[in-house]
Peer 1: 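Got a structure for you, written out below as structure tokens; questions coming shortly.
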Amino acid sequence: MIDFTASADIVAPQLLGMVLTHNGVSIRITEVEAYLGSGDEASHTFNGRTPRNAAMFGPPGRLYVYVSYGIHRNGNIVCAPEGTGEGCLLRAGEVIDGIDLAYQRRGDTEFHNLARGPGNVGKALGFSIEDNGTPVLLSDREREPEWVRGPRIGISKNQDAALRFWIPFDKTVSRRRGLPR
DNA sequence: GCTGAGATATTCT
DNA sequence: GAATATCTCAGCG
């Protein structure tokens, strides 16, 4: 079982390949990003505690959901001891259960696009603001999959930090503008 | 495959 | 009141 009181960049690779179940849909996690508490300018918690990011300072192993660009619901798993403010952003996954429900929420699309990209993960799993602080349902994985780490995506600060973790060559991992596979 | 534009909650001044 | 944000989609090649 994962020790969620560890730092986010320690927990992140352990999440890869695990099955997350929420609101009737299960995904196998294929891509995550770690956001640290201090010294990480890109983290929501960098400028201290606010009503929005309160859940990230709460007990680890819980959910932190926030609205991105006013449109998307992005989900994080809270890491590190309570009060630290670290988390792992769920960037992509492969839907393995509740597929009908996922299609219903996402509309007609390619199968591997169902939970490809952070906003789409939130949509497929039906994240909402009310889910803040709710426990995360994770299955144990049988063995650790192969994974790699690299720079994060879609942020404007501290891009050089290699805090993105993903399973290489997986169809469901978001391939952003001309970045390495 | 790549580019450009749009959407609004939250925070900062 | 203004700026920013852990993006996504349609439209084109």
Side-chain angles (χ1 to χ4, degrees), chain A residues 4 7-13 15-16 20 22 27 29-58 60 62-80 84-95 102-133 136 149-167 169-181:
Chain A
F4 285 109
S7 190
D9 59 327
I10 305 297
V11 175
L15 291 170
L16 295 172
L20 169 69
H22 188 83
I27 63 167
I29 300 172
T30 56
E31 184 184 4
V32 294
E33 264 176 23
Y35 286 87
L36 305 180
S38 57
D40 185 6
E41 261 189 299
S43 175
H44 278 175
T45 57
F46 182 71
N47 285 316
R49 184 176 192 147
T50 64
R52 176 175 67 162
N53 63 29
M56 208 137 148
F57 287 96
R62 306 287 185 91
L63 218 48
Y64 163 50
V65 179
Y66 74 96
V67 181
S68 173
Y69 289 79
I71 324 170
H72 314 291
R73 317 255 183 271
N74 290 8
N76 301 249
I77 297 176
V78 179
C79 297
T84 312
E86 297 194 9
C88 294
L89 169 68
L90 299 167
R91 287 199 59 92
E94 176 190 357
V95 179
Y103 268 113
Q104 206 174 305
R105 297 204 263 235
R106 288 277 295 117
D108 196 16
T109 181
E110 297 282 328
F111 172 76
H112 66 262
N113 286 140
L114 276 175
R116 183 193 203 185
N120 292 332
V121 171
K123 219 167 172 182
L125 293 180
F127 283 151
S128 76
I129 300 302
E130 282 77 45
D131 290 323
N132 259 317
V136 172
R149 72 186 286 174
R152 289 178 292 193
I153 299 180
I155 56 177
S156 54
K157 306 190 168 178
N158 205 10
Q159 295 178 337
D160 292 336
L163 292 174
R164 173 174 176 249
F165 303 78
W166 73 98
I167 298 177
F169 309 118
D170 196 294
K171 286 272 187 291
T172 62
V173 171
S174 52
R175 255 179 299 136
R176 217 55 198 167
R177 311 227 158 133
L179 280 159
R181 302 159 258 247

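In this text the structure is predicted, and so the values were computed from the model without any measurement. Naming: A, B, ... by sequence-line order, numbering from 1 per chain.
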Peer 1: Output the rounded distance in Å from CG (A:Asn113) to C1' (C:dA10).
Peer 2: 14 Å
Peer 1: With a 4.5 Å limit on heavy-atom distance, are the side chains of A:Glu33 and A:Trp166 in contact?
Peer 2: no
Peer 1: Going by heavy atoms in the side chains, are A:Arg152 and A:Leu89 under 4.5 Å from each other?
Peer 2: no
Peer 1: Tell me: NE2 of A:His72 to P of C:dT4, nearest whole Å?
Peer 2: 19 Å
Peer 1: Are side-chain heavy atoms of A:Leu63 and A:Phe127 found at a separation under 4.5 Å?
Peer 2: yes
Peer 1: Counting heavy atoms from C-beta on, name the nucleotide in B:dT10, C:dC7, B:dA7 closest to the side chain of A:Arg52.
Peer 2: B:dT10
Peer 1: Atom CG of A:Asn53 to atom P of C:dT4: distance rounded to whole Å?
Peer 2: 19 Å
Peer 1: Please give, in whole Å, the distance from B:dT10 P to A:Tyr66 OH?
Peer 2: 12 Å
Peer 1: Of the nucleotides B:dC12, C:dC7, B:dT11, which one has an atom closest to the side chain of A:Pro118?
Peer 2: C:dC7
Peer 1: Between atom CZ in A:Phe46 and atom P in B:dC12, what is the gap in whole Å?
Peer 2: 12 Å
Peer 1: Any base atoms under 4.0 Å from A:Arg106, or only sugar-phosphate, or nothing? Heavy atoms, all strands.
Peer 2: sugar-phosphate
Peer 1: What does A:Thr50 touch in the nucleic acid at a heavy-atom separation under 4.0 angstrom: a base, only the sugar-phosphate, or nothing?
Peer 2: sugar-phosphate
Peer 1: If you define the side chain from C-beta out and look only at heavy atoms, does anything of A:Ser7 sit under 4.5 Å from A:Leu36?
Peer 2: yes
Peer 1: Do A:Asn53 and A:Tyr66 have side chains that approach each other closer than 4.5 Å (heavy atoms only, starting at C-beta)?
Peer 2: no
Peer 1: Assuming nearest nucleotide by heavy-atom distance, tell me which of A:Leu89 and A:Lys123 is located more 5' along DNA chain C.
Peer 2: A:Leu89
Peer 1: Nearest-Å distance, NZ (A:Lys157) to P (B:dT11)?
Peer 2: 15 Å
Peer 1: Whole-Å distance between C:dA5 C1' and A:Glu33 CD?
Peer 2: 14 Å
Peer 1: State the pairing partner of C:dC7; accept Watson-Crick or G-U wobble contacts with both distances under 3.5 Å, and report none otherwise.
Peer 2: B:dG6
Peer 1: Rounding to an integer number of Å, can you tell me how far A:Arg116 CZ sits from B:dG1 C1'?
Peer 2: 11 Å
Peer 1: Which part of the nucleic acid, if any, lies within reach of A:Asn120 when heavy atoms closer than 4.0 Å are counted: base, sugar-phosphate only, or nothing?
Peer 2: sugar-phosphate
